[in-house]
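In what follows, a single structure is set out as structure tokens and then discussed.
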Amino acid sequence: MTSQPPALLRAILADDHPVVLLGLRAVLQKDGRATVVGEATSADELWDLLAGTPCDLLITDYSMPAGKRGSGLALIEQLRRTYPELPIIIVTMISNAALLKAMLDAGANGVLEKSFSAEELPEAVLAIMRGRSYLGQSVLAALDAHKAKASESHFNWAKLSPREAEVVRLYISGLSVTDIAERLSRSVKTVSTQRLNAMRKLGISSDADLYAYSKDSGMLS
């Protein structure tokens with residue numbers, strides 16, 4: 001009796017950069033454990049795709065154009081509530097340990113930085129197939145470094161809630177409060193309050209000091 005080959009995982013990819021999608025697809029095709037059944041370039045496209053396309057795995061960017069849906073932590077949390085059994089791997093350029101940890105707390109099964117090696121995504125897929133989570137090497141390094149420095153550094157992003165840290169990251173990247181509200185599907189008032197609360201917790205009173213603090217602490221490169 002001939003044994004049947006294992007079924008391929010059906011994967012959906014989501015990223016607003018076509019080159020990233022192409023790269024993810026190429027790595028998966030070469031590895032051979034998963035087949036891509038759909039691609040999305042925004043949060044709205046992703047939700048539409050998930051509603052009509054059965055899949056076993058989602059590989060998504062952390063921050064995409066939100067449209068009617070949230071992005072970032074809000075996206076992960078909504079996905080986890082709607083599809084509680086769907087494995088989610090986040091691929092991101094973010095290296096801030098507080099936000100990486102928040103992604104895991106929100107329900108991500110794996111996190112890779114976009115600079116991951118060609119071996120890491122297949123390793124992540126294999127871990128998912130075996131019911132485990134997976135963190136890329138650079139993600140592990142960022143989390144370990146954060147733990148090591150937490151007790152000796154006066155920079156303490158841990159004082160902030162994940163949503164406050166997310167707002168600060170976007171604000172120091174050059175987005176306005178209105179831009180952030182639109183991207184995260186929050187009200188302008190909520191985003192403004194979260195920014196001010198973050199500054200208060202960090203003992204910062206001006207935008208200039210916030211930029212300086214962020215650069216000196218490594219959040220702003």
Side-chain angles (χ1 to χ4, degrees), residues 14-21 40-48 50 58-82 88-108 111-115 139 142-143 146 155-221:
D15 196 289
D16 56 325
H17 294 91
V19 173
V20 175
L21 289 175
T41 58
S42 70
D44 284 349
E45 285 185 15
L46 175 57
W47 282 103
D48 291 342
L50 287 169
L58 170 61
I59 304 173
T60 179
D61 191 8
Y62 174 75
S63 181
M64 295 186 294
K68 298 177 182 178
R69 302 282 188 167
S71 185
L73 294 178
L75 175 63
I76 301 172
E77 291 169 346
Q78 290 177 49
L79 287 169
R80 183 50 65 223
R81 286 194 298 268
T82 307
I88 301 171
I89 297 176
I90 304 297
V91 181
T92 180
M93 294 181 66
I94 294 171
S95 58
N96 178 263
L99 290 177
L100 293 171
K101 184 177 183 302
M103 296 176 202
L104 297 170
D105 293 342
V111 182
L112 299 173
E113 282 202 47
K114 286 188 176 179
S115 59
V139 174
L143 293 173
H146 176 72
F155 300 114
N156 193 357
W157 291 107
K159 293 179 181 179
L160 309 187
S161 71
R163 282 173 172 74
E164 290 166 349
E166 187 173 36
V167 166
V168 169
R169 179 183 67 84
L170 293 173
Y171 190 71
I172 63 177
S173 73
L175 296 183
S176 69
V177 169
T178 301
D179 292 335
I180 297 170
E182 182 176 350
R183 175 172 293 196
L184 300 181
S185 295
R186 302 176 195 169
S187 70
V188 171
K189 181 179 179 181
T190 295
V191 170
S192 181
T193 298
Q194 289 169 335
R195 178 179 67 88
L196 292 174
N197 284 344
M199 293 172 68
R200 175 180 52 78
K201 290 179 180 180
L202 296 172
I204 293 170
S205 59
S206 70
D207 287 348
D209 289 341
L210 181 61
Y211 281 101
Y213 185 99
S214 300
K215 187 173 181 62
D216 291 344
S217 66
M219 178 177 272
L220 179 64
S221 57

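In what follows, every heavy atom counts, from backbone to side chain, and hydrogens, waters and symmetry copies are set aside. These numbers come from a predicted model, not from an experiment.
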Between Asp16 and Thr41, what is the shortest heavy-atom contact and its length? CB-O, 3.3 Å
If I take atom OG from residue Ser42 and atom CG from residue Asp48, how far apart are they, to the nearest 0.5 angstrom? 8.0 Å
Start with the C-alpha distance between Leu210 and Ile172, add both sets of side-chain angles, then the distance that settles side chain to side chain contact (heavy atoms under 4.5 Å, CB included), and finish with yes or no. CA-CA 8 Å; Leu210 181 61; Ile172 63 177; 4.1 Å; yes
Nearest-0.5 Å distance that lies between atom CG in Leu170 and atom OG in Ser176: 10.5 Å
Determine, for Asp105 against Arg80, whether the closest basic-nitrogen to carboxylate-oxygen distance falls under 4.0 angstrom. no
Inter-residue atom distance Thr60.OG1 - Leu79.CG, 0.5 Å rounding: 7.0 Å
To the nearest 0.5 Å, how far apart are NZ in Lys201 and CG in Leu196? 12.0 Å
Evaluate the criterion side chain to side chain contact (heavy atoms under 4.5 Å, CB included) for residue pair Val191 and Tyr171; output intermediate values, then yes/no. CA-CA 10 Å; Val191 170; Tyr171 190 71; over 6 Å; no
According to side-chain contact (heavy atoms from CB on, under 4.5 Å), who are the partners of Lys114, at least two apart in sequence or on a separate chain? Asp15, His17, Val20, Asp61, Val91, Met93
The residue among Val168, Thr92, Ile94, Leu160 that forms side-chain contact (heavy atoms from CB on, under 4.5 Å) with Leu99 is Ile94
How far apart are the closest heavy atoms of Thr190 and Ser187, and which atoms are they? OG1-OG, 2.8 Å
Take Asp207 and Met199 through the side chain to side chain contact (heavy atoms under 4.5 Å, CB included) test and state the conclusion after the steps. CA-CA 9 Å; Asp207 287 348; Met199 293 172 68; 4.1 Å; yes
Mind listing the closest non-hydrogen atom pair of Ala142 and Ser95 along with its distance? CB-O, 3.6 Å
Check the pair Leu46, Leu50 against side chain to side chain contact (heavy atoms under 4.5 Å, CB included), reporting the backbone distance first and the verdict last. CA-CA 6 Å; Leu46 175 57; Leu50 287 169; 3.9 Å; yes
Would you indicate whether the side-chain heavy atoms of Tyr62 and Ile76 approach each other to under 4.5 Å? yes
Main-chain N/O of Gln78 paired with Thr82 side-chain donor or acceptor, under 3.5 Å: yes
Going by the salt bridge (Lys or Arg N to Asp or Glu O under 4.0 Å) test, which pairs reach into residues 175-190, not counting sequence neighbours? Glu166-Arg186
Looking only at heavy atoms, what is the nearest atom pair of Ala198 and Glu164, with distance? CB-CB, 4.1 Å
Looking at every heavy atom in both Leu75 and Ala43, which two are closest together, and how far apart are they? CD1-CB, 4.5 Å
